[in-house]
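Okay, so here's the structure we're looking at.
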Amino acid sequence: MSVIYNKVALIGLGLIASSIFWSSKRGGLATEVSGYARSQATRDTARRIGLCDTVCDSAIEAVKDADLVMLCVPVGAMGQVAQEISPYLKPGCTVSDVGSVKAAVVDAVAPHLPGGVHFVPGHPLAGTEHSGPESGFATLFDNRWCLLVPPAGADPEAVAKLRRYWEGLGSNVDEMDPEHHDLVLAVTSHTPHLIAYTMVGVADDLGRVTDSEVIKYSAAGFRDFTRIAASDPTMWRDVFLNNKQATLEILGRFTEELFALQRAIRVGDGEELFDYFTRTRAIRRGIIEAGQDTAAPDFGRTKTGQ
Ligand code: NAP
């Protein structure tokens with residue numbers, strides 16, 4: 001791999017930014033990477049572990065002369081960060097982000113950016129339940145999708161360069177419009193997270209009745225829910241507040257299906273339950289065949305460090 005951007009600036013230094021840094025370093029994709037996090041504690045940690053070539057005390061300092069500025073903060077903070085850095089962006093640079101919601105981020109960021117700056121939002125479909133500057137690792141994006149949502153009329157050169165950068169980070173890259181992205185992610189990520197949060201909440205209520213039995217005897221299904229439900233509260237609060245419409249749409253459909261299954265259980269309709277579970281099992285096989293997960297009982301997590 002060769003250098004794609006001379007200087008990359010990472011604003012926010014958590015799981016995603018730190019993984020971008022280590023992966024960018026692995027591929028030799030940038031000559032220099034600067035970084036900024038709002039808290040002194042995170043900046044100190046970043047300096048201690050060598051996260052970024054330069055850790056700056058302000059976002060303004062970090063974006064100076066940067067050819068790519070990557071916003072790696074929670075979705076709800078993107079607009080305010082864009083406003084702060086916009087007067088200091090290098091003309092002709094690309095601004096991107098890694099937010100889990102796209103339409104709201106485009107609405108929040110685009111109005112602040114000056115002409116001559118290319119805005120190409122993105123979203124790597126890779127993560128773990130851990131957060132903070134020490135949670136990142138170089139292989140996080142390997143063989144994972146990264147979705148770019150370039151606005152109509154975006155400069156093809158700027159989009160192609162960002163695509164090459166994400167490919168260098170290990171990702172497969174696709175393009176989508178923001179609304180479609182938000183609907184797809186509501187199905188594949190956002191609603192499942194809400195269900196996991198709810199299920200762990202239900203078990204917690206039950207746990208109060210049955211002491212520690214829920215944890216002691218928790219089978220793999222529930223343990224997976226608890227892992228998902230351990231995800232960062234700020235990030236996920238912002239996801240739901242900013243992908244409201246699509247999440248509510250999918251939750252409505254989910255509730256209808258749940259009622260149908262509930263009824264099948266009540267009336268003893270084994271055929272309906274069997275057919276439903278057969279259909280869902282085929283979907284799981286499809287995911288494995290598409291290389292998006294492994295059939296290993298632990299989902300291969302011990303190998304990837306997730
Ligand atoms: P993280 O580990 O919690 O790190 C977030 C970073 O943003 C921290 O450096 C934090 O600074 C900073 N920050 C938080 N609130 C801020 C604010 N109001 N203003 C300025 N900076 C702020 O988060 P992450 O998991 O890397 O997520 C970052 C982005 O990636 C989010 O938009 C998320 O939706 C997206 N994403 C996450 C995942 C995932 O699985 N985690 C996957 C794909 C995309 P301090 O440390 O100083 O508080």
Side-chain angles (χ1 to χ4, degrees), residues 2-13 16-17 20-21 24 29-38 52-54 56-124 146-169 171 173-182 185 238 241-243 245:
S2 52
V3 170
I4 293 169
Y5 293 103
N6 190 31
K7 180 174 171 183
V8 172
L10 302 172
I11 308 300
L13 293 174
I16 300 297
I20 290 175
F21 175 73
S24 185
L29 309 178
T31 314
E32 186 198 346
V33 180
S34 62
Y36 165 75
R38 65 179 170 165
C52 293
D53 300 308
T54 328
C56 303
D57 288 323
S58 75
I60 293 165
E61 199 189 327
V63 303
K64 190 170 183 288
D65 294 327
D67 304 287
L68 172 66
V69 175
M70 199 72 103
L71 308 181
C72 305
V73 297
V75 166
M78 297 278 183
Q80 174 234 314
V81 171
Q83 183 174 25
E84 188 187 338
I85 61 173
S86 62
Y88 306 93
L89 294 167
K90 178 178 168 177
C93 79
T94 295
V95 172
S96 188
D97 77 299
V98 295
S100 306
V101 176
K102 294 278 57 93
V105 169
V106 170
D107 290 348
V109 172
H112 297 296
L113 300 182
V117 162
H118 307 293
F119 182 37
V120 187
H123 178 203
C146 178
L147 300 177
L148 298 182
V149 298
D155 178 46
E157 261 305 299
V159 178
K161 208 166 165 177
L162 186 62
R163 174 185 274 269
R164 283 207 305 283
Y165 188 67
W166 273 108
E167 286 170 351
L169 296 175
S171 291
V173 180
D174 235 341
E175 288 178 32
M176 234 178 228
D177 72 62
E179 288 72 22
H180 188 64
H181 165 280
D182 290 353
L185 267 291
D238 283 9
L241 293 180
N242 289 281
N243 196 17
Q245 212 178 326

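Start at 1 with the first residue, then count along the sequence.
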How long is the span from the [atom1] atom in [X] to the [atom2] atom in [Y], to the nearest 0.5 Å?
X      : Y      : atom1 : atom2 : value
Leu71  : Ile85  : CG    : CD1   : 5.0 Å
His118 : Asp67  : NE2   : CG    : 11.0 Å
Leu29  : Trp166 : CG    : CH2   : 11.0 Å
His112 : Gln80  : NE2   : CD    : 9.5 Å

State, yes or no, whether a side-chain contact exists between [X] and [Y] at a heavy-atom distance under 4.5 Å.
X      : Y     : value
Cys52  : Leu10 : yes
Pro114 : Pro91 : no
Ile20  : Met70 : yes
Ile11  : Val69 : yes
Leu169 : Ser24 : yes

query = So does Glu167 pair up with Arg163, basic N to acidic O under 4.0 Å?
reply =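 Salt bridge: yes.
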inquiry  = Tell me whether Asp177 is salt-bridged to Lys102, with the criterion being a basic N under 4.0 Å from an acidic carboxylate O.
reply    =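 No, no charged N to carboxylate O under 4.0 Å.
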message = Met78 vs Val73, test: side chain to side chain contact (heavy atoms under 4.5 Å, CB included). Steps then yes/no.
response = CA-CA 6 Å; Met78 297 278 183; Val73 297; 4.0 Å; yes
task = Answer yes or no: are there more than 12 heavy-atom neighbours, outside Lys90 itself, under 6.0 Å from its atom NZ?
result =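 Yes - once you tally the heavy atoms of other residues, nucleotides and ligands closer than 6.0 Å, there are more than 12.
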inquiry  = side chain to side chain contact (heavy atoms under 4.5 Å, CB included), that's the test. Do Tyr36 and Glu61 meet it? Break it down for me.
reply    = CA-CA 9 Å; Tyr36 165 75; Glu61 199 189 327; over 6 Å; no
request  = Go through Val149 and Val105 one step at a time and tell me if the side chain to side chain contact (heavy atoms under 4.5 Å, CB included) criterion holds.
outcome  = CA-CA 11 Å; Val149 298; Val105 169; over 6 Å; no
ask   = If you look at every heavy atom in Ser100 and His181, which pair is closest and at what distance?
value = O-CE1, 3.4 Å
